[in-house]
Amino acid sequence: MRTASGRWRCADQGDPDRLLVEEVQSLDNNSVALMNHQTMSQVGCKSGDTILLKGGGKETVAIALQDESVSRGRIQMNAVLRRNAAVDAGDALQIQSLPNCPWGRRVTVRPSRAPAADQAGLKAWYQQYFADALRPVHKGDIFSKPAAPGMPAIDFIVTDVDPPDYCIVAPDTRVALAQLSGEQGVTKNQDVRGRQQREAAKQQQREAAAQRQQREAAAQRQQREAAAQRQQREAVERQQREAAERQQREVAAQRQQREAVERQQRETAQLMSDAEMAARLQVEFDAEVANHYTAAAEQEQREAAERSRREAAEQEQREAAERWERQVAQMASDAEMAARLQAGLDAEAEAEASVSRQQGDSEHPDCILTPQPQMPQMPPQQSPGFGSDVLCCYCLDRPATAGVLHMDSVHKILCRDCAVVLKEQRLADCPVCLKKIECFVMRVF
């Protein structure tokens with residue numbers, strides 16, 4: 001497909017199946033086309049694949065080889081392959097991959113003119129040409145035998161291919177030579193020799209001029225392409241440098257941000273640790289203070305309770321001592337009163353006895369009054385002092401630890417067991433002072 005300017009559109013111009021042809025001088029293989037791997041990916045082939053080349057009204061086949069020195073969208077071929085595709089350097093070429101190119105059964109070639117001599121050497125040469133490699137051929141292809149001592153250069157034309165159109169010449173492919181009669185060759189040479197020479201000279205001139213123009217155009221194109229590539233490389237390098245600097249700045253910013261975050265995390269962790277330590281210390285201090293105050297309060301409570309107990313005990317002792325003193329005084333007063341009463345009774349009894357004696361003596365002088373014996377008086381029980389050991393007045397065996405309460409005094413005169421027994425018997429009066437018993441006290445201090 002041609003553009004509005006009449007040139008073929010190539011792969012880098014939007015058509016991935018068309019490439020620009022470049023000339024290569026160092027390639028002597030007539031069956032090889034060079035491309036880089038990106039161009040091969042665009043046209044859908046790999047290195048070593050067979051490809052179909054469509055140029056200016058002709059087709060040919062070749063083997064694609066990878067060469068990274070070739071620019072993208074370009075294909076390099078030698079002069080023989082360009083002639084078979086009918087293209088020159090700078091022309092557009094359409095590529096088609098042939099993954100299933102058949103193996104040839106028979107290939108027929110014909111020399112472009114009748115050889116002068118050495119038919120055997122000529123046959124040996126083209127057989128060796130096909131034996132060197134698995135060469136793809138297309139009907140109409142031309143390949144040349146270079147000049148040799150005693151034999152000029154000669155072109156061979158592929159006139160027939162089986163299977164049709166194109167195939168790969170394998171070791172078992174039969175290569176046949178189409179013969180030309182000597183008379184026909186001589187007659188033809190005599191008729192057209194001058195015309196061919198003139199046409200060849202003109203053709204050489206035209207080709208020389210075209211090649212010069214092509215070289216100049218190629219040189220200019222290469223210069224423009226080199227300048228564009230240089231500018232593109234500089235732009236790419238500048239973009240890469242800017243991208244690298246931007247990436248470095250971003251990396252530095254990210255590193256600074258990470259460092260700031262890590263520093264903040266460490267500071268936060270340290271603050272939290274300090275806060276936890278302070279809280280723990282405060283809790284321990286508060287616990288110690290609380291324990292101290294609690295212990296002090298408990299100690300004060302114990303001391304206060306002990307003081308209260310001692311004061312209560314002292315008060316009870318004072319009250320018991322006062323009660324005991326009052327009891328002792330009451331007992332002494334009762335004993336004195338009993339002694340006075342007993343003395344009065346004794347005096348009255350003695351007076352009566354004296355009167356009776358006097359009367360009896362007067363009435364019965366013979367009667368002798370015998371004084372009646374008096375009952376020995378029990379000495380009043382001495383009231384023991386506070387804290388002395390007193391025996392129970394009921395059993396006279398166990399110490400007196402209980403007493404009886406009447407009015408505002410207590411007589412400690414009973415043991416506990418006797419107090420229980422007398423309480424059950426409902427004893428009403430005190431054995432000491434005969435006062436009304438209000439209640440029994442089971443333990444008197």
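From a predicted model like this one, the values you see are computed outputs, not experimental measurements.
Inter-residue side-chain proximity for Glu225 and Arg74 is flagged as met; some heavy-atom pair is nearer than 4.5 Å. Contact annotation: the side chain of Tyr166 approaches that of Leu98 to within less than 4.5 Å [non-hydrogen atoms, C-beta and beyond]. The side-chain heavy atoms of Ile413 and Pro431, taken from C-beta on, include a pair separated by under 4.5 Å. Using a 4.5 Å heavy-atom threshold, the side chains of Gln96 and Leu53 count as separate. Residues Val107 and Asp160 have side chains not in contact (no heavy-atom distance under 4.5 Å, counting atoms from C-beta outward).
Side-chain atoms of Ser97 and Asp49 form no donor-acceptor pair, as typed in the model, at a separation below 3.5 Å. Inspection of the Arg135 and Asn30 side chains reveals no N or O donor paired with an N or O acceptor under 3.5 Å. Side chains of Thr39 and Asn36: a donor-acceptor N/O pair is present below 3.5 angstrom, by distance only. Using a 3.5 Å distance cut-off with no hydrogens or angles, the side chains of Glu68 and Gln66 do pair a donor with an acceptor.
Within 6.0 Å of CD in Gln257 there are 12 or fewer heavy atoms belonging to other residues, nucleotides or ligands. Environment of CD in Gln299: crowded, with over 12 heavy atoms of neighbouring residues, nucleotides or ligands closer than 6.0 Å. Counting heavy-atom neighbours within 6.0 Å of Gln264 CD, excluding the residue itself, gives a total of 12 or less. Around atom CZ of Arg318, more than 12 heavy atoms belonging to other residues, nucleotides or ligands sit under 6.0 Å away. Annotation: Lys58, atom NZ; neighbour count of heavy atoms from other residues, nucleotides and ligands within 6.0 Å is above 12. Heavy atoms from other residues, nucleotides or ligands lying under 6.0 Å from CZ of Arg398 number more than 12.
Checked against Trp103 for a side-chain contact (heavy atoms from CB on, under 4.5 Å), the options Leu134, Asp172, Thr173, Val169 give a single hit: Leu134. Here the rule is side-chain contact (heavy atoms from CB on, under 4.5 Å) with Ile168, and of Val61, Ile63, Thr50 only Thr50 fits it. The residue from Glu23, Met35, Glu22 that alone fulfils the side-chain contact (heavy atoms from CB on, under 4.5 Å) condition with Gln76 is Glu22.
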TODO: Show your reasoning for whether side chain to side chain contact (heavy atoms under 4.5 Å, CB included) applies to Val21 and Met77.
DONE: CA-CA 7 Å; Val21 179; Met77 301 183 295; 3.7 Å; yes
- [ ] Determine, step by step, whether Val404 and Leu414 satisfy the side chain to side chain contact (heavy atoms under 4.5 Å, CB included) criterion, reporting the C-alpha distance in whole Å, the side-chain angles of both residues, the deciding distance to 0.1 Å, and the verdict.
- [x] CA-CA 8 Å; Val404 292; Leu414 299 173; 4.2 Å; yes
TODO: Take Gln248 and Val251 through the side chain to side chain contact (heavy atoms under 4.5 Å, CB included) test and state the conclusion after the steps.
DONE: CA-CA 5 Å; Gln248 290 177 357; Val251 169; 5.6 Å; no
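The closest donor-acceptor contact from the side chain of Ser273 to the backbone of Ala269 lies at 3.5 Å or more, if one exists at all. At distances below 3.5 Å, at least one donor-acceptor pair connects side-chain atoms of Asn84 with backbone N or O atoms of Ile142. At least one donor-acceptor pair under 3.5 Å links the side chain of Thr159 to the backbone N or O of Thr108. With hydrogens and angles ignored, the 3.5 Å screen pairs a side-chain donor or acceptor of Asn78 with a backbone N or O of Asn29. Listed for the Asp141 side chain is no donor-acceptor partner under 3.5 Å among the backbone atoms of Val137.
The shortest non-hydrogen separation linking Ala33 to Ile51 is CB-CD1, 4.3 Å.
The CG atom of Leu422 lies 5.0 Å from the CG atom of Leu427; values are rounded to the nearest 0.5 Å.
For Phe156, the ring-ring contact (aromatic ring centres under 6.0 Å, His included) partners two or more places apart in sequence, or in a different chain, are Trp125, Tyr126, Phe143.
Counting only residues at least two apart or on different chains, the ring-ring contact (aromatic ring centres under 6.0 Å, His included) pairs with a member in residues 392-412 are His406-His411.
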